[in-house]
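For the numbers below, each heavy atom of this structure counts, side chains included, while hydrogens, waters and symmetry mates do not. As the structure lists them, so they are numbered: ligands from 1, and atoms in each ligand from 1.
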Amino acid sequence: MKQTKSLIPTHIAALHAYVPGEQPKIAGLIKLNTNENPYPPSPRVLKAVREAVDERLRLYPDPTSSGLRSKLAKLHGCAPENIIVGNGSDELLALAVRTFVDRAPTGSFAWRKSASAVVQYLYPGYSLYPVLADINRSIRNPVRLEADFSLPDRRSFKRDKSWLLDAALTFVTTPNAPSGRGYSNKDLQALCHALSGIVVLDEAYVDFAEDDALGLALKNRNVLVARTFSKAYSLCFQRVGYMVGSAPLIAALDKTRDSYNVNGLGQIAAIATLDDLPYYRKNFQKVIKTRDRLTHDLTALGCFVFPSQTNFLLVRPPALDASEWLAKLRDRKILVRWFDQQGIRDCLRITVGTDAEADALLNAVKKIL
Ligand SMILES: *Cc1c(COP(=O)(O)O)cnc(C)c1O
């Protein structure tokens with residue numbers, strides 16, 4: 001082959017890919033780093049998946065996840081046309097960028113005039129959003145949350161120059177990750193109203209919160225709510241998520257997805273999950289109880305703990321740098337997450353596990369202090 005220019009496009013060569021939390025191969029670690037649910041799926045879900053493993057694996061799955069979409073529609077009081085299912089909500093977040101956001105114009109240009117190519121997101125938030133913008137050759141526009149992770153003041157939308165009110169797409173993690181902060185529907189509605197592009201409300205942790213914003217997706221033509229079976233429904237392994245929104249937005253996403261984007265066992269597991277919601281609601285209550293106790297006990301040990309509406313805590317630990325805490329906890333077989341990012345570098349993000357895992361964490365913190 002002749003040596004010519006690189007086979008890899010420049011934007012991919014320069015891409016900083018998303019870094020997922022570690023999935024350790026060593027046994028015996030207490031895993032509080034990726035916000036998985038510490039409780040197993042319902043026995044009914046395990047049974048449904050087991051019973052589905054036979055010669056049917058030879059066949060393609062339902063291409064439109066119709067059974068699952070009907071059940072979700074019933075649950076949320078909408079039509080199946082208001083729902084799209086994905087291979088995890090991550091797939092749908094990527095699909096939304098691909099479907100609704102243009103590529104940045106080449107050459108010199110005024111980016112504020114290229115709103116159709118802008119992926120806007122509140123920062124800090126889910127660190128996948130800027131990566132999705134980069135992959136799509138779009139323009140990133142991070143808008144900073146306040147220091148306490150609350151939404152920027154509503155009255156400042158028009159004044160604050162960091163907002164691009166006509167950005168093609170805006171991502172909001174609500175409740176927020178990595179801070180755990182919850183937002184009121186009133187504030188979210190004001191935001192969705194002020195923005196003329198599409199707003200994706202990423203509700204990955206909503207089952208641990210006091211409020212949910214699903215109604216905003218059914219009321220506003222520009223709003224999509226993203227949900228996942230991963231975190232609250234103990235189903236990370238199966239990769240099932242969905243979006244709810246107006247029929248035209250859902251139809252546009254449906255045009256651009258892969259034909260068999262949701263695997264068959266995932267569809268079966270998610271349907272069985274919806275048939276046993278009381279089992280999960282009990283687990284949410286357990287996680288919330290452990291979360292509130294952990295907040296109290298870590299505070300008593302000198303940590304600053306941000307109020308959380310999720311299944312994790314953002315914790316500013318005392319005495320040592322957060323990165324040193326990360327290493328020292330790992331020495332004691334406890335995995336947590338540290339983000340080398342502006343505004344949260346002095347904090348650890350700690351998943352709320354079982355009560356026994358919370359006790360192990362508290363003991364380790366005491367020993368390190
Ligand atoms: C975990 C997470 C997701 C991805 O969930 P999957 O359905 O497992 O892809 C999306 N958004 C946020 C904020 C998350 O924390």
Which word best sums up how the rings of Tyr260 and Tyr60 line up, parallel for under 30°, tilted for 30 to 60°, or perpendicular for over 60°?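 Ring orientation, 0 to 90° scale: parallel.
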Would you call the rings of Tyr129 and Tyr121 parallel, tilted or perpendicular, taking 30° and 60° as the class edges?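 Tilted, since the angle between the ring planes falls between 30° and 60°.
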Taking it one step at a time, do Asp331 and Lys367 satisfy salt bridge (Lys or Arg N to Asp or Glu O under 4.0 Å)? CA-CA 12 Å; Asp331 292 343; Lys367 293 243 170 67; over 6 Å; no
Nearest heavy atom to atom 13 (C) of ligand 1 wins, so pick from Leu235, Asp202, Asn87.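 Result: the heavy atom closest to atom 13 (C) of ligand 1 is in Asp202.
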In terms of residue, atom name and distance, what is the protein heavy atom nearest to [atom]?
atom: atom 2 (C) of ligand 1; result: Lys231 NZ, 2.5 Å
atom: atom 10 (C) of ligand 1; result: Tyr126 CE2, 3.4 Å
atom: atom 4 (C) of ligand 1; result: Asp90 OD1, 3.1 Å
atom: atom 9 (O) of ligand 1; result: Arg239 NH2, 2.8 Å
atom: atom 5 (O) of ligand 1; result: Ser89 OG, 3.2 Å

NZ/NE/NH1/NH2 to OD/OE distance under 4.0 Å, Arg293 and Asp359: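 Yes, this pair counts.
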In terms of side-chain geometry, is the basic nitrogen of Lys286 or Asp355 positioned less than 4.0 Å from the acidic oxygen of its partner?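 Judged by the 4.0 Å cut-off on N to carboxylate O distance, Lys286 and Asp355 do not form a salt bridge.
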With a cut-off of 4.0 Å, which atoms of ligand 1 are near a heavy atom of Ser230?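 Result: 6 (P), 7 (O), 8 (O).
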List every atom of ligand 1 that sits less than 4.0 Å from any heavy atom of Thr173, numbering the atoms from 1 in the order shown and giving each element.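 Counting from 1, the qualifying ligand atoms are 13 (C).
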Any idea which part of Tyr205 is under 4.0 Å from ligand 1, heavy-atom wise: side chain, backbone, both or neither?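 Near ligand 1, Tyr205 shows its side chain, while the N, CA, C and O stay back.
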May I ask you to check whether Tyr233 and Phe284 place their ring centers less than 6.0 Å from one another?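 Centroid separation for Tyr233 and Phe284: below 6.0 Å.
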Walk me through it: do Arg227 and Asp207 pass the test salt bridge (Lys or Arg N to Asp or Glu O under 4.0 Å)? CA-CA 10 Å; Arg227 295 274 181 99; Asp207 298 282; 5.3 Å; no
